[in-house]
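Here the structure comes first, spelled out in structure tokens, and everything after it is commentary.
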Amino acid sequence: MATEQEMLDKFKENNDVVEIDASKKIKVGIIGTGWIAAAHMKSLVKMPDVEVIAAADIIPGKAEAFMADYPECKNVKFYKDHKDLIDNADVDAVNICTYNATHAECAIYALNHGVHVLLEKPLCVTLEEGIEIMKAERKSGKVLSIGFQPRFDEDMRNIKKIVESGVLGDIYYIQTGGGRRRGIPTPYGTTFIEKETGGIGALGDIGCYSLDLVLNAVGYPKPLTVTGYKSDFFGKDPNYYPTHPEYASKFGVDDFAAAFIRMEGGLVIDFRISWAMNMDTSGDTLILGTKGGLKVPSTECWNGTFKTPLKLYQEIGGNQVETEIPLKKTPEPLFDRKIRSFLDAIKNGTPSPVPIDQIIINQAIIDGIVKSSELGKEVEITIPEV
């Protein structure tokens with residue numbers, strides 16, 4: 001029988017340093033220059049094989065003010081929107097950092113014009129939009145990667161390795177979710193919370209991360225049905241915003257959501273996510289298998305950081321045992337890994353590191369939760385073939 005240390009060694013990972021060929025630059029454009037674009041730029045300026053040559057924002061002067069913080073990008077030209085940039089800038093790739101509700105139109109236009117796309121999460125707002133993005137990606141032959149940087153965290157990767165090792169046996173039940181006690185994202189204004197710009201709320205902002213955490217670990221099986229619930233009690237309460245009570249009248253998305261999802265193969269997922277609730281957490285992520293169980297500590301965002309170790313539960317020799325899986329240090333910032341993986345796929349002609357084939361399932365579940373909640377009943381999830 002394997003010792004505890006031998007068991008832990010199974011989940012170690014080698015991080016080989018790869019040299020980057022900087023002789024040919026990838027010309028990149030930034031579409032949308034809000035706060036998430038700053039995280040992209042912080043990584044892009046580190047990449048020796050990247051030249052940021054274009055920036056676009058629908059708010060006049062915003063892109064110019066944004067790029068003033070990056071004096072190393074000396075040859076940037078500015079455009080009024082995504083179409084203007086794609087039509088007139090000689091870019092190889094774009095990083096789309098716009099409102100959720102405009103993700104689809106920007107991504108489709110870029111792909112249709114032969115441009116590689118790194119699209120921030122969530123993929124889009126509805127399943128129907130996601131299918132149109134997938135059609136454009138298939139037709140273009142270009143790389144489309146979705147911005148799920150938690151995938152590149154070593155502890156997140158460890159979850160997938162543990163599941164794939166077989167130590168848990170057959171997975172039959174997953175509880176996942178988490179979220180914030182008070183965390184409606186209004187420090188940057190109301191674009192996250194308005195229906196016209198956000199489209200979906202906690203579901204799209206952090207719920208997609210929570211779903212990807214477990215779906216990626218178990219190989220993204222197809223969803224069959226979902227019973228969903230969503231609410232907006234906090235978002236529509238003027239008392240939530242002491243300095244901006246007017247925000248309550250603009251709130252048009254969800255601040256809490258929950259669902260029971262049936263997947264192919266008999267797996268069920270019990271899901272809940274929150275921007276605001278009267279509780280410190282809606283629970284750890286639990287992955288239950290026929291041979292073992294894995295507990296993943298709850299976080300506010302599932303953005304790739306854990307404060308306490310994963311814990312593996314098994315019965316060995318008639319004894320019920322628990323094994324802590326030590327936390328691992330991710331050597332580079334997750335955004336660096338996310339963007340590097342996208343660039344490498346472009347340069348090497350390799351598959352997308354976060355492919356739409358998987359994330360369309362994530363989007364279908366979110367879409368199903370919304371529809372089920374609005375209809376007040378369980379709905380079937382059908383993802384059209386593309």
Side-chain angles (χ1 to χ4, degrees), residues 121-123 127 130 146 148 150-151 156 158-164 167-179 200-231 254 256-275 277 279 281-303 306 310-313 354 357-375 377-383:
K121 60 82 192 167
L123 172 64
L127 174 59
I146 319 304
F148 282 75
R151 287 228 188 160
M156 290 285 191
N158 229 11
I159 295 167
K160 185 174 178 64
K161 290 175 67 179
I162 290 168
V163 171
E164 290 179 342
V167 71
L168 302 181
D170 294 327
I171 309 300
Y172 58 89
Y173 172 86
I174 293 174
Q175 170 186 298
T176 194
I200 43 180
L203 266 172
D205 182 34
I206 52 179
C208 66
Y209 279 155
S210 176
L211 287 169
D212 188 63
L213 160 74
V214 294
L215 291 171
N216 187 46
V218 299
Y220 260 100
K222 289 183 179 179
L224 302 176
T225 64
V226 60
T227 299
Y229 168 84
K230 61 185 177 73
S231 59
D254 55 279
F256 177 86
F260 189 80
I261 308 146
R262 294 186 182 276
M263 311 291 291
E264 275 190 343
L267 170 67
V268 295
I269 299 177
D270 182 358
F271 164 80
R272 72 295 304 263
I273 201 71
S274 170
W275 269 349
M277 60 182 168
M279 188 58 61
T281 176
S282 59
D284 297 328
T285 286
L286 308 178
I287 302 177
L288 301 186
T290 54
K291 294 180 181 178
L294 184 68
K295 180 186 286 187
V296 182
S298 177
T299 78
E300 290 191 348
C301 295
W302 295 115
N303 63 355
F306 298 120
L310 311 178
K311 194 171 282 188
L312 178 65
Y313 294 79
V354 186
D357 308 68
Q358 295 176 350
I359 306 306
I360 198 70
I361 293 173
N362 190 307
Q363 191 70 41
I365 291 172
I366 290 173
D367 189 72
I369 293 169
V370 171
K371 289 176 178 173
S372 172
S373 176
E374 292 173 349
L375 292 171
K377 63 179 183 179
E378 183 179 65
V379 298
E380 292 186 5
I381 298 177
T382 302
I383 303 173

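The residues of the chain are indexed from 1 along the displayed sequence.
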Donor-acceptor pair, [X] side chain versus [Y] backbone, under 3.5 Å?
X	Y	result
Q175	D284	yes
N362	C208	yes
S373	K230	yes
K295	T285	no
S282	G178	yes
T227	F260	no
D170	T290	no
T225	E380	no

Do you know the tightest heavy-atom contact between [X] and [Y]?
X	Y	answer
A257	L203	CB-CG, 3.6 Å
S372	G228	OG-N, 2.7 Å
D205	K121	O-NZ, 2.6 Å
V218	P221	CG2-CD, 3.7 Å
I360	G130	CD1-C, 3.4 Å
I162	L310	CD1-CD1, 4.1 Å

Would you please test D254 and W275 for side-chain contact (heavy atoms from CB on, under 4.5 Å) and show each step? CA-CA 8 Å; D254 55 279; W275 269 349; 6.0 Å; no

In sequence, state the C-alpha distance, the side-chain angles, and the governing distance for M277 and R272, and then conclude on side-chain contact (heavy atoms from CB on, under 4.5 Å). CA-CA 11 Å; M277 60 182 168; R272 72 295 304 263; over 6 Å; no

If I take atom [atom1] from residue [X] and atom [atom2] from residue [Y], how far apart are they, to the nearest 0.5 angstrom?
X	Y	atom1	atom2	value
L213	T299	CG	OG1	8.5 Å
Q358	I146	CD	CD1	10.5 Å
I365	F271	CD1	CZ	9.0 Å
L224	M263	CG	CE	7.5 Å
K160	L215	NZ	CG	10.5 Å
Y173	L267	OH	CG	10.5 Å

In this structure, are over 12 heavy atoms from other groups packed under 6.0 Å from D357 atom CG?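 Enclosed.
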
Greater than 12 external heavy atoms within 6.0 Å of E378's CD: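 Yes - once you tally the heavy atoms of other residues, nucleotides and ligands closer than 6.0 Å, there are more than 12.
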
Under the side-chain contact (heavy atoms from CB on, under 4.5 Å) rule, what do I269 and V226 come out as? Steps first, then yes or no, please. CA-CA 9 Å; I269 299 177; V226 60; over 6 Å; no

Pick from L286, I159, T176, I174: which one makes a side-chain contact (heavy atoms from CB on, under 4.5 Å) with V296?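 Filter result, single survivor: I159.
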
Applying ring-ring contact (aromatic ring centres under 6.0 Å, His included), can you list everything that pairs with F148, at least two apart in sequence or on another chain?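 Scan of F148 (ring-ring contact (aromatic ring centres under 6.0 Å, His included), adjacent residues dropped) gives Y209.
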
Note, L168 side chain near L312 side chain (heavy atom, < 4.5 Å):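 Yes. Closest side-chain heavy atoms under 4.5 Å.
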
Does any non-hydrogen side-chain atom of I383 lie less than 4.5 Å from one of K222?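 Sidechains of I383 and K222: no contact.
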
